[in-house]
Amino acid sequence: MSESEWLALEAAKGDPAAFGRLVRQHQSKLRGFLLRLTKGNGALADDLAQESFIEAYKKIGQFSSGNFFGWLCAIAWSRFLMEARKRKLESLDELSEAGTDFSDDAPEPENASLIRHDLESAMAQLAPMQRAALTMCFALGLSNEEAAESLKIPLGTLKSHINRGRAKLEVLLGEWRKVAVS
Amino acid sequence: MNLDEMLSQPLPEVPDNGFSDRVVLRVKAHERRKWIEIAMISVLAAAVACLLLPIRAIVGDFAASIILLGYSPTFGIGAAVLAATFLVDRLWSERQLLQF
């Protein structure tokens with residue numbers, strides 16, 4: 001049993017300090033995930049993260065076992081979808097604070113921060129489901145099964161989102177590299 | 001660096017900057033609200049029961065003996081200890097939540 005799972009079960013028994021430790025442990029990853037989903041809108045990502053933790057606290061009794069962070073991601077994803085529907089999805093683009101343009105004079109990606117900038121810019125071009133699936137399975141280290149469960153989609157659908165997302169990223173990053181070199 | 005390696009890079013660390021404290025404060029407020037609601041519902045239910053039910057007829061001698069018991073120092077101390085234990089338990093829970 002992982003430490004998070006143990007803490008979640010303690011919190012479910014009514015130990016509020018255990019829940020506090022869970023918040024501290026997972027806040028960075030959850031906010032990072034939501035930051036990517038909201039295309040860099042820090043304020044919105046933090047609001048969603050806070051609401052997700054509060055909802056998790058209210059529902060902690062429903063957590064039985066497994067990957068606590070995956071369970072938390074499921075709550076965050078459904079919060080994100082609710083917010084996206086409220087804002088009619090496309091307005092999320094306008095809300096984003098991070099620039100998604102890759103200008104012609106951008107330097108060649110030689111260090112980690114430039115690579116990250118390229119990746120985030122390309123990620124912002126993907127559909128939210130592709131963004132979520134790729135982030136969960138690669139950066140957050142969830143298994144395909146856990147990610148599919150969190151996103152409430154069948155495993156096959158998740159894999160097709162991952163494949164389509166990867167293909168689009170390959171194209172976008174390839175195009176930008178060509179522009180940067182020329 | 002290939003695409004899979006790029007994607008597998010962990011997400012950048014987001015500094016806490018009081019975020020966890022804000023969440024814990026909201027959890028604490030939620031807990032407090034829940035207890036207030038439970039107390040209010042209990043009082044309301046008792047008030048409605050007193051109004052609608054023939055309490056005197058139902059409890060009769062039992063109520064009289066309870067009132068007599070209330071004058072007993074032993075019973076009074078016992079009840080006070082129970083109330084104090086409950087209060088300390090609630091305060092301790094809230095304190096722990098803030099000091100995790």
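Here is how names work: the chains are called A, B, and so on, in the same order as the sequence lines, proteins then strands, and each is numbered from 1.
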**Q** Could you look at A/R166 and say if it's the side chain, the backbone, both or neither that has a heavy atom under 4.5 Å from chain B?
**A**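 Both parts, backbone and side chain.
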
**Q** Please tell me if the side chains of A/K58 and B/V27 come closer than 4.5 Å, counting only heavy atoms from C-beta onward.
**A**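 Side-chain contact under 4.5 Å: no.
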
**Q** CG of B/L7 to CG of A/L169: how many Å apart, nearest 0.5 Å?
**A**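 Taking CG in B/L7 and CG in A/L169, the distance rounds to 6.0 Å.
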
**Q** Is there a donor-acceptor pair under 3.5 Å between the side chain of A/S28 and the backbone N or O of B/V14?
**A**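 Side chain of A/S28 to backbone of B/V14, a donor-acceptor pair under 3.5 Å: yes, one is there.
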
**Q** Kindly indicate whether the side chain of A/Y57, heavy atoms from C-beta on, has any atom under 4.5 Å from the side chain of B/E31.
**A**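 Of all side-chain heavy-atom pairs linking B/E31 with A/Y57, at least one is under 4.5 Å.
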
**Q** For chain A, find which of B/K34, B/Q9, B/H30 contributes the most heavy-atom pairs closer than 4.5 angstrom.
**A**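 Heavy-atom pair counts peak at B/H30.
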
**Q** Does B/F19 reach the side chain of A/Q50, with side-chain heavy atoms less than 4.5 Å apart?
**A**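 Yes. Closest side-chain heavy atoms under 4.5 Å.
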
**Q** Is A/I162 reachable from A/L140 through a run of I, L, V, M, F, W or Y residues, each pair having side-chain heavy atoms under 4.5 Å apart?
**A**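 Yes: a chain of side-chain contacts under 4.5 Å links A/L140 to A/I162.
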
**Q** Do A/W77 and A/M82 land in one hydrophobic cluster if side-chain heavy atoms of ILVMFWY residues count as linked below 4.5 Å?
**A**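 They do not share one cluster, since no chain of ILVMFWY contacts under 4.5 Å joins A/W77 to A/M82.
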
**Q** For a side-chain contact (heavy atoms from CB on, under 4.5 Å) check, start with the C-alpha distance between B/V23 and A/Q27, then their side-chain angles and the critical distance, and finish with the verdict.
**A** CA-CA 10 Å; B/V23 172; A/Q27 63 85 21; over 6 Å; no

**Q** Do A/F138 and A/L35 share a hydrophobic cluster, counting only Ile, Leu, Val, Met, Phe, Trp and Tyr and linking them when any side-chain heavy atoms are less than 4.5 Å apart?
**A**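 Looking at the clustering, A/L35 is in a separate group from A/F138.
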
**Q** Under 4.5 Å between side-chain heavy atoms, counting indirect links through other Ile/Leu/Val/Met/Phe/Trp/Tyr residues: same cluster for A/F33 and A/L22 or not?
**A**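 Yes, one cluster joins them.
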
**Q** Working to the nearest 0.5 angstrom, can you tell me the gap between B/L11 CG and A/L34 CG?
**A**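 Nearest 0.5 Å value for the CG-CG distance: 10.5 Å.
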
**Q** What part of B/N2 gets within 4.5 angstrom of chain A, counting heavy atoms only: side chain, backbone, both, or neither?
**A**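 Neither part, no heavy atoms under 4.5 Å.
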
**Q** Once rounded to the nearest 0.5 Å, what's the spacing between atom CG of A/L172 and atom CG of B/L3?
**A**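 So the CG of A/L172 and the CG of B/L3 are separated by 10.5 Å.
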
**Q** In terms of heavy-atom proximity below 4.5 Å to chain B, should A/L30 be classed as side chain, backbone, both, or neither?
**A**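 For A/L30, neither part sits under 4.5 Å from chain B.
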
**Q** Shorter than 4.5 Å, heavy atoms on both sides: which option in A/E170, A/R31, A/E51, A/K29 has the most such pairs with chain B?
**A**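 Sorted descending by pairs with chain B, the first entry is A/R31.
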
**Q** Using the rule that two of Ile, Leu, Val, Met, Phe, Trp, Tyr join whenever any of their side-chain heavy atoms come within less than 4.5 Å, decide whether A/V23 and A/W6 are in one cluster.
**A**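 Yes; A/W6 is reachable from A/V23 via cluster members.
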
**Q** For the CD atom on A/E149, are there more than 12 heavy atoms of other groups (residues, nucleotides or ligands in this structure) within a distance under 6.0 Å?
**A**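 Atom CD in A/E149 is not packed in, count stays at 12 or less.
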
